[in-house]
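These notes are about the structure you will find just below.
What you see is a predicted model, and the numbers here were worked out from it, not measured in a lab. Count residues from 1 along the sequence.
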Amino acid sequence: MATRKGLIAVVDWLQIQTVGMELKNIARNILGIPEEYFKLEKGRLQHYNYDCCYRFGDIRIYDYLEEVYTDKMIVLSGSACEFLREVWLKQKKLSFKTFMKNLLIFEDRVTITRIDVAIDDFNQTPFFTPIQLTRICKKKQFVYGRSTSYLPYGDKQTGSTLYLKPPSADDRLKFYDKQAKLAKKQGIRKKDLSPQIRTETLFRREKAHHFFLTYVNGEKSLLELFQGYLKVKHQRYHLSYL
């Protein structure tokens with residue numbers, strides 16, 4: 001039987017745009033990482049004009065080779081967020097929420113342009129699967145905000161995925177079988193990994209910064225906040241773990 005104890009919420013992507021801040025200040029004061037750890041590389045970021053990036057592992061700071069503009073973009077991918085959360089911040093005894101809350105120190109120079117928030121269901125029998133939700137969508141019983149747009153792909157063996165809302169949406173929701181995805185990535189059998197169903201919303205632009213402010217200024221855990229968001233958005237059919 002699935003229980004809420006089997007649910008964990010994480011930030012799986014964080015994109016922070018800064019204005020008027022030098023690399024050394026971003027590295028040391030925002031990320032808490034010495035500037036010399038970052039190596040300059042060529043780099044492009046979709047939808048932006050950056051032409052280089054400073055990289056430390058999977059952490060990237062996008063910039064311009066010529067100092068025409070003063071903005072930069074910190075990109076923390078899923079693996080970068082995991083490294084910060086499980087290694088870098090843990091050794092300093094800091095939580096990821098504390099790291100995000102410290103961004104308020106630079107509130108007038110920092111904007112969150114993207115944040116991906118996920119709930120991982122590690123129950124042996126999950127609350128639901130993408131295939132089950134796809135069946136509900138086909139019956140027109142599932143709505144996300146005012147949208148009934150959905151896109152399924154994959155299967156039980158390769159890993160099923162269900163998207164709600166089109167790719168251009170500022171709050172696109174994704175359900176997928178992460179157990180299958182990880183098995184494929186690692187080249188092992190799916191049954192050799194623990195079950196894991198992921199519910200993830202990609203927030204962009206104003207919605208990203210709004211979610212960030214709501215989280216860091218509030219008392220709710222990330223799981224409680226994201227569950228509350230999903231509950232409001234799914235008015236016809238509430239997800240069973242809400």
Measure from NZ or CZ of K174 to the centre of the six-membered ring of Y176 and say whether it is under 6.0 Å with the direction within 45° of the ring axis.
yes

Would K72 and Y50 count as a cation-pi pair here, with the cationic atom under 6.0 angstrom from the ring centre and within 45° of the axis?
no

Is any side-chain heavy atom of [Y] closer than 4.5 Å to one of [X]?
{"X": "W88", "Y": "F99", "value": "no"}
{"X": "I16", "Y": "I26", "value": "no"}
{"X": "L76", "Y": "I59", "value": "yes"}
{"X": "W13", "Y": "L202", "value": "no"}
{"X": "L223", "Y": "R4", "value": "no"}
{"X": "L222", "Y": "V117", "value": "yes"}
{"X": "F203", "Y": "I112", "value": "no"}

Pair Y69 and Y48, ring centroids less than 6.0 Å apart
no

Are the aromatic ring centres of Y215 and F212 under 6.0 angstrom apart?
no

Where do [X] and [Y] come nearest, in terms of heavy atoms and distance?
{"X": "K138", "Y": "Y150", "answer": "CG-OH, 3.4 Å"}
{"X": "V216", "Y": "K97", "answer": "CA-CE, 4.2 Å"}
{"X": "R204", "Y": "P167", "answer": "NH1-O, 3.2 Å"}
{"X": "D120", "Y": "K178", "answer": "OD1-CD, 4.4 Å"}
{"X": "F96", "Y": "V11", "answer": "CE2-CB, 3.8 Å"}
{"X": "F38", "Y": "A27", "answer": "CE1-CB, 3.8 Å"}

Among T201, D171, T148, which one satisfies side-chain hydrogen bond (donor to acceptor under 3.5 Å, both in side chains) with K165?
D171

[atom1]/[X]: more than 12 non-hydrogen atoms of other groups inside 6.0 Å:
{"X": "E82", "atom1": "CD", "answer": "no"}
{"X": "K220", "atom1": "NZ", "answer": "no"}
{"X": "E66", "atom1": "CD", "answer": "no"}
{"X": "E206", "atom1": "CD", "answer": "no"}
{"X": "N102", "atom1": "CG", "answer": "yes"}
{"X": "E41", "atom1": "CD", "answer": "yes"}
{"X": "Y37", "atom1": "OH", "answer": "no"}

For a side chain to side chain contact (heavy atoms under 4.5 Å, CB included) check, start with the C-alpha distance between L162 and C137, then their side-chain angles and the critical distance, and finish with the verdict.
CA-CA 10 Å; L162 173 66; C137 287; 4.1 Å; yes

Is there a donor-acceptor contact under 3.5 Å linking the side chains of S149 and S147?
no

With distance as the sole test, does [X] use its side chain to make a donor-acceptor pair with the main-chain N or O of [Y] at under 3.5 Å?
{"X": "N123", "Y": "T3", "value": "yes"}
{"X": "K92", "Y": "G32", "value": "yes"}
{"X": "R60", "Y": "S77", "value": "no"}

[X] [atom1] to [Y] [atom2] distance, which is reported to the nearest 0.5 Å:
{"X": "D63", "Y": "E22", "atom1": "CG", "atom2": "CD", "result": "11.0 Å"}
{"X": "R135", "Y": "K139", "atom1": "CZ", "atom2": "NZ", "result": "8.5 Å"}
{"X": "R55", "Y": "L40", "atom1": "CZ", "atom2": "CG", "result": "12.5 Å"}

Would F83 and D58 count as a side chain to side chain contact (heavy atoms under 4.5 Å, CB included) here? Give the steps.
CA-CA 8 Å; F83 168 75; D58 293 318; over 6 Å; no

Salt-bridge criterion met for D170 and K207 (N-O under 4.0 Å)
no

If the threshold is 4.0 Å, N to carboxylate O, is there a salt bridge linking R172 and E200?
no

Any chance you could lay out the side chain to side chain contact (heavy atoms under 4.5 Å, CB included) test for D177 and I197, step after step, and finish with the verdict?
CA-CA 5 Å; D177 183 348; I197 299 296; 4.2 Å; yes

Candidate list T111, V110, L104, test side-chain contact (heavy atoms from CB on, under 4.5 Å), partner E107, passing option:
L104

Check the pair L31 / F56 against side chain to side chain contact (heavy atoms under 4.5 Å, CB included), numbers first and verdict last.
CA-CA 11 Å; L31 298 172; F56 169 54; over 6 Å; no

